[in-house]
Structures are given as C-alpha cells and as structure tokens.
Amino acid sequence: MASVLSKTFLLSFLLICLVLSPPQTRAVITCDTVFSDLKPCLSYVLVGGNVPTECCNGLKSLITNAITIEDRQMACSCVKKLATAATDEQVDRAASLPGKCGVNVPFKISRDVDCTKVK
C-alpha cells in the first residue's frame, strides 16, 4: 500500500513539475520564412532601382518575429547563405536595405558575418 502511495505521489509531483516548468524556446524562424519575408526585395537586390514598400514590410516582419537569439542567428545564417551566392553589387544593395527601410537588423548583411555572435 505504501508503495502505491509513493508511486502516486511521485507521478503527481512529476506532472506538477512538467506543468510548471517554463517552456523551452526554440527558433521559429526558418530559411523558408526568411526567403518568404525577403522575396519582395529580390528585384531591388538583383538590379537596383527603388526599394519596394513590400520589401521593407517583409524586412520589418522578419526582424519583429525573430524574438529569440536562435531566431536571429538563423535569420543571419539564411541571409549569409544568400549573400554567398550573390555578386558584390547585390550584397551591397542587400546591405543597404536596413538603412533604406529604417529597420535595425541585429547583424551585418555580408558574406563574412559570424552568425554565432548575433545576440
């Protein structure tokens, strides 16, 4: 009988701990998210011209939704991957977007950014 009570107590204690423990934060930003948010910027990055309003809205959305360090590091990695395949002029145009859109991006848009240092 004591064994059943102690098992019931232990099970109840574990369930309470599970319910009361803080949720683990996980990155919700994926490269698909980054590409989707920044797709309206593609024409500007590729050929220049005027920055579309949708581009700035997408950049703002991406930064607003990147709430954890992991999110920001993932966004950085995805942008870095894109920059690796771009020309110097395209990288320069992409790097100018935060200023043109009035958005504070927590990492440098470049090929050599260290995304592990993004906070």
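This one's a predicted model, so the numbers in the text were calculated from it and none came from an experiment. Atoms considered below: every heavy atom in the structure, side chains included; atoms not considered: hydrogens, waters and symmetry mates.
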At their closest point, which heavy atom of [X] faces which heavy atom of [Y], and how far apart are they?
X: D71; Y: A66; result: CB-CA, 3.6 Å
X: Q73; Y: K117; result: NE2-N, 4.5 Å
X: C76; Y: V113; result: SG-CG1, 3.7 Å
X: P52; Y: P40; result: CG-O, 3.5 Å
X: K119; Y: R72; result: O-NE, 2.6 Å
X: F107; Y: V118; result: CB-CG2, 3.6 Å

Just verifying a value: how many Å separate C56 SG and Y44 OH, rounded to the nearest 0.5 Å?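 One gets 9.5 Å once the value is rounded to the nearest 0.5 Å.
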Using 0.5 Å steps for rounding, measure from the CG atom of D92 to the CD1 atom of I109.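 Separation between the atoms: 11.0 Å.
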State, yes or no, whether a side-chain contact exists between C41 and L97 at a heavy-atom distance under 4.5 Å.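 When only atoms from C-beta onward are counted, L97 and C41 do touch, with a gap below 4.5 Å.
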Measure the shortest side-chain to side-chain distance between V34 and I29 over non-hydrogen atoms and say whether it is less than 4.5 angstrom.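 Side-chain contact under 4.5 Å: yes.
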I'd like to know if V79 and V103 are part of one continuous hydrophobic network [Ile/Leu/Val/Met/Phe/Trp/Tyr, side-chain heavy atoms within less than 4.5 Å].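 V103 and V79: one cluster.
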Flag yes if V91 and L82 sit in one hydrophobic cluster, no otherwise; membership is Ile, Leu, Val, Met, Phe, Trp, Tyr, and two members link when side-chain heavy atoms are under 4.5 Å apart.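 Result: no, two separate clusters.
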Is there a donor in the side chain of [X] and an acceptor in the side chain of [Y], or the other way round, less than 3.5 Å apart?
X: D112; Y: S110; value: yes
X: T33; Y: S36; value: no
X: N65; Y: S61; value: yes

Taking it one step at a time, do R111 and D88 satisfy side chain to side chain contact (heavy atoms under 4.5 Å, CB included)? CA-CA 10 Å; R111 292 181 189 102; D88 290 343; 2.8 Å; yes
Under 3.5 Å, side chain of Q90 to main-chain N/O of V45, donor-acceptor pair present?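 Looks like no, no N/O pair under 3.5 Å.
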With a cut-off of 6.0 Å (strictly less than), are more than 12 heavy atoms of other residues, nucleotides or ligands near NZ of K80?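 Yes, the 6.0 Å shell around NZ holds more than 12 heavy atoms from other groups.
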Any chance the SGs on C31 and C78 are under 2.5 Å from each other?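 Yes, because the SG atoms of C31 and C78 sit under 2.5 Å apart, which meets the disulfide cut-off.
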Please step through side chain to side chain contact (heavy atoms under 4.5 Å, CB included) for the pair L59 and L38, ending with a clear verdict. CA-CA 6 Å; L59 185 58; L38 299 182; 3.9 Å; yes
